[in-house]
Amino acid sequence: MSDKKTNPAHDDAKSNESRRSFIKGSSVMLAGGALAGSQLSVAKGAHAFGSDTIKVGLVGCGGRGTGAAIQALNTSGGEVKLVAMGDVFEDNVQSAYRGIKGKHKDKVDCDDSRFVGLDAFAKVFETDADVVILATPPGFRPQHFEAAVKAGKNVFMEKPVASDAGGVRRILAANEIAKEKGLAVQVGLQRHHEFRYKECIDRLQNGDIGDLIYARAYWNGAGVWVRPRKPEMTELEYQMRNWYYFTWLSGDHIDEQHIHNLDVINWLMDGHPVECQGQGGREVRTGMDNGQIYDHHMVEYTYGDSPYGNNVKMLSQCRHIRNCWNSVSEHVHGTKGYCDISKAIIYKPNGEVAWESDAKEIRQKGWQQEHHDLFSALRRGETPNEAEYGAHSTMTAIMGRMATYGGKVVKWDDAINSEISLADTDAMTSFDSEAPIQPDADGRYEVPVPGVSKVV
Ligand SMILES: NC(=O)c1ccc[n+]([C@@H]2O[C@H](COP(=O)([O-])OP(=O)(O)OC[C@H]3O[C@@H](n4cnc5c(N)ncnc54)[C@H](O)[C@@H]3O)[C@@H](O)[C@H]2O)c1
């Protein structure tokens, strides 16, 4: 009796075991028809491409957009062609064009379909592309995803899928239309496509370390590029070039990068946290080109009841500071052992290895595998849909940011229903449009202050 109150994580070990078996049983049953319904469905009337050519359009021609397009063109089972490219900046379109052509000379057919400007995305969607890759900064993703779905495109979109709660809701609403239309939607949370992650999560959900008690998730590293202001830039252009440092564009690094690790724990828990609290700030990220984002966040998330453990805590850290302890990894501790999920190793309570994945995958392999999985599914006439968990993992990160910026406990329902909008991207028609935030007289931007800033 008292155990129940003092240590809710140890609650009802038996009933968790039976709920776990029930969930596992159900997904086996589902697998016979449409595998894990929400993630992969055979849409009524979905076009099976078979070995036909699949045409691809790219929106956001930076580092990741270039990589994702090359990975799409690398897939087999039939021809894949890049038929359109769009970006707000001409230099980025041209360098991506050269980069992709360098790898796939005969698969790039964009001589007359390279678009530049804030409406370039719409022009890409007007082409006959079957699949569009959305790889801009996340602040534009909701607007672009909604338009892609309206245009009837299958979508591969990079994570995170939004930078604020309204954006997450817009993604979820557009995804309902995508499902009705039988469109595939994949999100660049590539760990879901890495064999050893899948194998490891499966074992943990099957109870290999008993009931789960707490998890740890890290993205601690040195940080990212700075793109300095040039005199000829308008304020909006400057923010869009140096996008990582503006919350409306990147969501802050807890959303932009740490989402990968938060998403792994959501995947393991088969749901999202119900609340969180945390702290963060800017120790070294204080230069003129460092915009407004923090350089560290530390958040304690709480999950609700789950078949895998009740009130499980996730301790999350992300840091962008040089010469510190670095780790990009996920871990979970249970009643019968501990697992380093990122290494796919399970340990017994005495520290002996109980299981280790044989898969010799390198991390980058997921970037390729997600495209193999998407294109082979389309060829079979299947429409995988990852938007919901992509949106919930994005919201998990945004909720953490709300907690660190505000210094208060944040509940999921309040966070996802937040009316605070960071930007109106639909209103941006040229670089002369007003930027969502403005610098002060010294050229500095307002930085959230815990206990003072209102963020939910
Ligand atoms: N899954 C992964 O492991 C992974 C890795 C890297 C990046 N990403 C994601 O990919 C996205 C892009 O990151 P990146 O590293 O390629 O950044 P990047 O700066 O190299 O590229 C972004 C591109 O988008 C363009 N762009 C900005 N706003 C646009 C708009 N409104 N319309 C059209 N184009 C626009 C920019 O000009 C730029 O060319 C981010 O969401 C990032 O998180 C994912």
Side-chain angles (χ1 to χ4, degrees), residues 57-71 84-97 99-100 114-125 132-145 147-148 156-163 167 171 186-194 219 221 224-227 233 236-246 248-261 263-264 328 362-371 386 390 393-394 397 423-431 433 435-436:
L58 170 62
V59 175
C61 304
R64 183 61 201 131
T66 302
I70 290 170
Q71 282 138 11
M85 302 172 69
D87 198 287
V88 281
F89 298 119
E90 186 171 359
D91 49 339
N92 291 354
V93 182
Q94 303 304 25
S95 68
Y97 178 68
I100 301 166
R114 298 200 296 277
F115 306 107
V116 176
L118 275 150
D119 61 349
F121 74 96
K123 293 187 176 150
V124 170
F125 301 161
V132 291
I133 295 171
L134 308 183
T136 67
F140 287 99
R141 200 92 68 241
Q143 179 192 13
H144 292 180
F145 177 60
F156 170 85
M157 61 177 159
E158 263 309 338
K159 47 46 66 172
V161 300
S163 61
I171 291 277
Q186 203 179 61
V187 178
L189 291 161
Q190 67 272 16
R191 286 161 177 74
H192 289 260
H193 296 267
E194 293 180 18
W219 192 296
V224 296
W225 43 258
V226 166
R227 294 171 182 158
M233 290 177 178
L236 182 60
E237 175 176 357
Y238 168 65
Q239 291 184 18
M240 287 180 63
R241 287 272 187 198
N242 201 27
W243 63 266
Y244 208 98
Y245 296 92
F246 296 94
W248 71 271
L249 278 157
S250 71
D252 204 321
H253 65 115
I254 188 172
D255 190 22
E256 230 294 308
Q257 286 179 309
H258 192 33
I259 181 179
H260 280 299
N261 320 102
D263 168 67
V264 167
V328 176
I362 52 165
R363 184 161 283 155
Q364 280 80 351
K365 195 172 172 195
W367 287 341
Q368 183 58 65
Q369 191 59 43
E370 63 192 353
H371 290 277
E386 302 179 345
S393 292
T394 299
D424 177 4
T425 57
D426 299 79
M428 294 172 194
T429 51
S430 81
F431 289 132
S433 298

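When a residue number appears, it is its place in the shown sequence, counting from 1. All ligand and atom numbering here is 1-based and tracks the order in the structure. What you are looking at is a predicted structure, and each value in this text was computed from that prediction instead of being measured.
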TODO: Please verify whether a non-hydrogen atom of His144 lies at under 4.0 Å from ligand 1.
DONE: yes
- [ ] Could you tell me which atoms of ligand 1, counted from 1 in the order shown, lie closer than 4.0 angstrom to a heavy atom of Phe89?
- [x] 37 (O)
Open item on the list: Could you check whether any heavy atom of Trp243 sits closer than 4.0 Å to an atom of ligand 1, since that is the contact criterion I want to use?
Closed with: yes
Open item on the list: Please check whether Leu118 reaches ligand 1 - meaning an N/O of the residue sits under 3.5 Å from an N/O of the ligand, judged on distance alone.
Closed with: no
Open item on the list: Quick test: of every protein heavy atom, which one is nearest to atom 5 (C) of ligand 1, and how far off is it to 0.1 Å?
Closed with: Arg64 CD, 3.7 Å
Open item on the list: To check you understand the geometry: which heavy-atom pair defines the closest contact between Ser250 and Tyr244, and what is its length?
Closed with: OG-O, 2.9 Å
Open item on the list: As a check for students: among Ala120, Gly65, Pro138, Gly63, identify the option with a heavy atom nearest to atom 20 (O) of ligand 1.
Closed with: Gly63
Open item on the list: One residue to check: Gln257. Relative to ligand 1, which of side chain, backbone, both or neither has a non-hydrogen atom less than 4.0 Å away?
Closed with: neither
- [ ] Supply the atom-to-atom distance Glu256 CD to Thr394 OG1, rounded to the nearest 0.5 angstrom.
- [x] 10.5 Å
Open item on the list: Could you measure the distance from the CD atom of Gln369 to the NE2 atom of His371? Nearest 0.5 Å is fine.
Closed with: 11.0 Å
- [ ] Answer yes or no for Arg227: is there a heavy-atom contact with ligand 1 below 4.0 Å?
- [x] yes
Task: atom 43 (O) of ligand 1: nearest protein contact (heavy atom, Å) - done: Glu256 OE2, 2.4 Å
- [ ] Starting from atom 11 (C) of ligand 1, locate the nearest protein heavy atom and write down its residue, its atom name and how far away it is, to 0.1 Å.
- [x] Thr136 O, 3.5 Å
Task: Element-labelled atoms of ligand 1 that are located less than 4.0 Å from some non-hydrogen atom of Met240 - done: 28 (N)
Open item on the list: I need the nearest protein heavy-atom contact for atom 22 (C) of ligand 1: residue, atom name and distance, please.
Closed with: Ala135 O, 3.7 Å
TODO: Would you give the length of the straight line joining atom CD1 of Ile171 to atom CD of Gln143, rounded to the nearest 0.5 angstrom?
DONE: 11.0 Å
Task: Which residue and heavy atom of the protein sit nearest atom 44 (C) of ligand 1, plus the separation - done: Glu158 OE1, 3.1 Å
Open item on the list: Counting the benzene-type ring for Trp, do Trp225 and Trp243 have ring centres under 6.0 Å apart?
Closed with: yes
Open item on the list: Against ligand 1, does Phe140 come closer than 4.0 Å with any heavy atom?
Closed with: yes
Open item on the list: Over 60° means perpendicular and under 30° means parallel, so tell me whether Phe246 and Tyr238 are parallel, tilted or perpendicular.
Closed with: perpendicular
Open item on the list: Using ring centroids (six-membered ring only for Trp), state whether Phe125 and Phe115 fall under 6.0 Å.
Closed with: no
TODO: Measure the distances from the heavy atoms of Pro160 to every atom of ligand 1 and state whether one is below 4.0 angstrom.
DONE: yes
Open item on the list: Measuring from non-hydrogen atoms of Arg141 to any atom of ligand 1, is the shortest distance under 4.0 Å?
Closed with: yes
Open item on the list: Let me confirm one number: the CD-NZ distance from Gln190 to Lys159, rounded to the nearest 0.5 Å.
Closed with: 7.5 Å
Open item on the list: Quick one: does any side-chain atom of Arg141 pair with a main-chain N or O of Pro160 as donor and acceptor, under 3.5 Å?
Closed with: yes
Task: Protein residue, atom and distance nearest to atom 27 (C) of ligand 1, heavy-atom basis - done: Pro137 CD, 3.1 Å
Task: Interfacing atoms of ligand 1 (cut-off 4.0 Å, heavy-atom, Val88) - done: 26 (N), 27 (C), 28 (N), 29 (C), 30 (C), 31 (N), 32 (N), 33 (C), 34 (N), 35 (C), 37 (O)
TODO: Just need the protein heavy atom nearest to atom 2 (C) of ligand 1, so name the residue and atom and give the distance.
DONE: Trp367 NE1, 3.4 Å
Task: Side-chain H-bond candidate by donor/acceptor type, Asn261 with His258, under 3.5 Å - done: yes
Open item on the list: Can you tell me if Cys61 contacts ligand 1 (heavy atom of the residue under 4.0 Å from the ligand)?
Closed with: yes
Open item on the list: Please classify the Asn92 to ligand 1 contact at 4.0 Å (heavy-atom distances, strictly less than): side chain, backbone, both or neither.
Closed with: side chain
Task: Polar side-chain atom of Ser433 near backbone of Ser430 as donor-acceptor pair, under 3.5 Å - done: yes
- [ ] Measure the spacing between CE of Met240 and CE of Met233 and express it to the nearest 0.5 Å.
- [x] 11.5 Å
- [ ] Give me the one residue out of Leu118, Val88, Leu134 that meets side-chain contact (heavy atoms from CB on, under 4.5 Å) with Phe140.
- [x] Leu118
TODO: Might you point out which heavy atoms bring Ala162 and Pro142 nearest each other, and give the distance in Å?
DONE: CB-CG, 3.9 Å
Task: Protein residue, atom and distance nearest to atom 39 (O) of ligand 1, heavy-atom basis - done: Asp87 OD2, 2.6 Å
Open item on the list: So for ligand 1, is Gly188 a polar contact partner (N or O within less than 3.5 Å, distance only)?
Closed with: yes
